[in-house]
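As structure tokens, the structure follows; a few thoughts come after it.
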Number of protein chains: 4
Amino acid sequence: MSPRTTSKNEEIRQESMKKIMDAAFSLIAKQGYESTSIAQIAKEAGVSKGLMYNYFDSKEDLLEKLVNGAMSEGDKVIGELLSEDPKVTLQNIFEWFFKELKERPEYWTLMTELTFRIGKFKFVHDMATAKMKGYTTFLTELLQQLNFPNPEGEAKLIGSLFDGIAIQYLVIKEDYPLAEMEIFLIEKYCVKHK
Amino acid sequence: MSPRTTSKNEEIRQESMKKIMDAAFSLIAKQGYESTSIAQIAKEAGVSKGLMYNYFDSKEDLLEKLVNGAMSEGDKVIGELLSEDPKVTLQNIFEWFFKELKERPEYWTLMTELTFRIGKFKFVHDMATAKMKGYTTFLTELLQQLNFPNPEGEAKLIGSLFDGIAIQYLVIKEDYPLAEMEIFLIEKYCVKHK
Amino acid sequence: MSPRTTSKNEEIRQESMKKIMDAAFSLIAKQGYESTSIAQIAKEAGVSKGLMYNYFDSKEDLLEKLVNGAMSEGDKVIGELLSEDPKVTLQNIFEWFFKELKERPEYWTLMTELTFRIGKFKFVHDMATAKMKGYTTFLTELLQQLNFPNPEGEAKLIGSLFDGIAIQYLVIKEDYPLAEMEIFLIEKYCVKHK
Amino acid sequence: MSPRTTSKNEEIRQESMKKIMDAAFSLIAKQGYESTSIAQIAKEAGVSKGLMYNYFDSKEDLLEKLVNGAMSEGDKVIGELLSEDPKVTLQNIFEWFFKELKERPEYWTLMTELTFRIGKFKFVHDMATAKMKGYTTFLTELLQQLNFPNPEGEAKLIGSLFDGIAIQYLVIKEDYPLAEMEIFLIEKYCVKHK
DNA sequence: TATGAATGAGTATTCATTCAT
DNA sequence: AATGAATGAATACTCATTCAT
């Protein structure tokens, strides 16, 4: 009997990887990276510990692939937020941020935890730095077009605010007035400005 | 040989506990809870591993006592920020927050890390929720007196902003424009308001 | 499709086995038995891990077949060293030994390593004992014909010397004065004797 | 009740270390370094796996301490072999070598195995190189004083011979004519020479 | 015949915790 | 009150071997 075809194998691989990554993602988001063991992930994924190392070089490599995967999913959307009118673009950004938070809280939990672990993982540092820079630069330009007096400071303030809202919402969940906050911010930065 | 008096014993206990808690505090703030071992804390404190279990039931119990201690310290200061004029009180709060961040980054690092570990430690969740509530209530009243249109929302926004500024400053440190942000906020909420 | 003939199959088997054994041989000689994994051998041989178990019952079985194969190869050459004149035979042996060492250091590395692993592998012990005995007997007869006073002792000394030279040469390689040693020994045992 | 005294503790430490090192030594000498697990050593020594790491940083560190310990024991004797008469010194060396082999076969098994593993352990390489150099230099000088024609070559030959005798004796044990070989060598190099 | 995904027992190492002194 | 030797369960990771295809 002949061996499995290459494509059938690839399919099996994709399935196993997905099972592992899904399990890892939810466990790490819930418990944190250090508190989640390979054994736990394997059990949750329904595979053997050994199999994990067919797909990932190490626990850290798994984390990296996890984050990259989740991030590239999110990146695709950024382009769609742009508009002719900078005011609209800004509003799109606010709306996107709150939508993300509601729809992918686990992802943002993971990202926030990792951000706070900078220095422990080289790849997180590089990633976070690059992200943050691009983000601030983009916002600064936008606010400049909208004639904010101190666009860079304001951009950083919004950046901080996003992080703060994220951390609080992710911690106290349904008790956090997310919708209210969204309206509030859009009013302040998009509607009432100028 | 005269037996140690009860009070003398108590004094020794207090001293040992303080040494241990100080060591634990700075190590955990620097490295995180998981990455700090009992052995390390004992060494830093200059006591034996065994002694730690005379005062703390477990590593987690040490963490709880640590946080409780640090928090009650913080509480004492709140009273001193009050003023007849709510505007001054608000400004005092802003100034206190930035001063704290600059002077005790380790404390805030620890608190932020713990806040984010909710789910792992029940006591952190209870504590954080209670704190946040009291905090928001206080700020809400203040902003009400200052006739802010949506005082509760605004209070929550400031709360989130504080957390966000803290997390970013604690992560990127000297690259964060802390002083600039302080002026910005005071202008916005205390000077220009009304 | 016509079914493969039996002889065609056999040919394929021989080819695959050879690829595997060659890969195993060079890897084990270079890194040692314990440090060489089945996965590594399969990769080097360009076959799948699974295929290895079609030909070899286990990793140890592979080792055994490897050593047997290498040894029977060596046996064939022994006959060619014989000469009418025992002095010439002796010189042929010396020259063969040094030539072997220079030309097939991997083989001798493997053999020496294995010899020293006695106790772990029963088959090595049996093999090594048999070899050594035959070897000593042969040399003893030769030296007897050359009228050495204590031919058996002398034979064992030469046997030990061979092993010693081998181990040192294989360890320190180019720093070992192999050529010099060869001349030295031939002078001593073949030229100057009697 | 007061804690154990420092000296009592030291005593306990020495005892535990000895138990571990003895177990490690005999197991590694018997089975080889890679094939001996920490678990096995701990079991043989009658202690927990964890305790091993109170005394040794790693498995390799254990090996290093093992070898250093065994070596320094041997080093002490070297000075006692020297004599006014180089012939006597040479004879002493031969006798010391054979005595060592008979009395501490496990030590020499270990050393020979390690020598063959050069390249895997940095410390073994340094140690072996230094040892071998000192050894050859010393023998060369001695043979020069005895007017051997090619003292350096001869020194290396004896060095190789020693290794060869050792490896064969350690492998086939009681079947190896150690005593006979000793007489043989002393006759050749000390009595009959010149 | 040949493949490689999957397994599970095994590896070295860490560390919170206990306990005799 | 204080010590630190000792434990054992847990950790990330490896690898010979199996088996469905």
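Worth knowing before you read on, the calculation uses all heavy atoms, side chains too, and leaves out hydrogens, waters and symmetry mates. Proteins come first, then strands; the chains are lettered A, B, ... in the order of their sequence lines, and each starts at number 1.
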With rounding to the nearest 0.5 angstrom, report the CG to CZ distance, A/L110 to A/R104. 10.5 Å

Figure out the CD/P separation between A/E15 and E/dA6, and round it to whole Å. 9 Å

Based on Watson-Crick and G-U pairs with both distances under 3.5 Å, what dot-bracket line describes DNA chain F 5' to 3', crossing pairs as [ ] and inter-strand pairs as |? .||||||||||||||||||||

Listed once per pair and sorted, the side-chain hydrogen bond (donor to acceptor under 3.5 Å, both in side chains) pairs that draw on residues 44-59 of chain D, sequence neighbours left out: none

How many angstroms lie between atom CE of B/M52 and atom CD1 of B/I41, to the nearest 0.5 angstrom? 5.0 Å

Which listed nucleotide (F/dA1, F/dG4, E/dA6) is nearest to the side chain of B/R13? F/dA1

May I have the distance from B/M17 (atom CE) to F/dA1 (atom C1'), rounded to whole angstrom? 14 Å

Would you say a side-chain N or O of A/S37 is under 4.0 Å from OP1 or OP2 of F/dA10? no

Under a 4.0 Å heavy-atom cutoff, the residues of residues 53-60 of chain A touching DNA chain F are A/Y53, A/S58, A/K59

To the nearest Å, give me how far apart CG (D/N9) and P (E/dA20) are. 15 Å

Nearest-nucleotide check on DNA chain F, D/V47 vs B/M52; residue mapping nearer the 5' end is B/M52

Nearest-neighbour nucleotide for the C/K49 side chain, E/dT3, F/dA5, E/dA5 considered: E/dA5

Output the residues of residues 18-28 of chain B in contact with DNA chain F, where contact means a heavy atom of the residue under 4.0 Å from an atom of the strand; sort by number or write none. none

Contact class for B/L51 (heavy atom, under 4.0 Å): base, sugar-phosphate, or nothing? base

Starting from P on E/dT11, measure out to CG on D/L62 and report it in whole angstrom. 15 Å

Closest approach of C/L51 and C/S16, non-hydrogen atoms and distance? CD2-OG, 4.2 Å

Where the side chain of A/Y33 meets the backbone of A/E60, is there a donor-acceptor pair that is under 3.5 Å apart? yes

Could you give all pairs that pass the salt bridge (Lys or Arg N to Asp or Glu O under 4.0 Å) test and reach residues 15-29 of chain C, with sequence neighbours left out? C/K18-C/D22

Starting at atom OH of D/Y33, determine the distance to atom P of E/dT11, rounded to an integer number of angstrom. 13 Å

Comparing D/Q40 with D/T5, nearest DNA chain E nucleotide closer to 5' gives the residue D/Q40

Cut-off 3.5 Å, side chains only: do A/Q31 and A/T36 have a donor facing an acceptor? yes

May I ask you to check whether C/E34 and D/S35 show a side-chain donor-acceptor distance below 3.5 Å? yes

How would you list, by chain and number, every residue that makes a ring pair (Phe, Tyr, Trp, His ring centres under 6.0 Å) with A/F25, sequence neighbours excluded? none

Test item: C/M21 and C/K65 side chains (from C-beta on) under 4.5 Å apart, heavy atoms: yes

When we call it a touch if two heavy atoms are under 4.0 Å apart, what does B/T36 touch: a base, just sugar-phosphate, or nothing? sugar-phosphate

Could you give the CD1-to-P distance, from C/I41 to F/dC15, as a whole number of Å? 12 Å

Whether D/S16 contacts F/dA6 is assessed here as follows: a side-chain N or O lying under 4.0 Å from the phosphate OP1 or OP2. Is that the case? yes

Considering every strand and a 4.0 Å limit on heavy-atom distances, what is the contact class for A/I38: base, sugar-phosphate, or nothing? sugar-phosphate

Quickly work out the C/D61 CG to F/dA16 P distance and round it to whole Å. 14 Å

For atom CD of D/Q14 and atom P of F/dG4, their distance in whole Å: 16 Å

Rounded to the nearest 0.5 angstrom, the CD-CG distance for D/Q14 and D/N9 is 11.5 Å

Any side-chain heavy atom of C/F56 sitting closer than 4.5 Å to one from C/E64? no

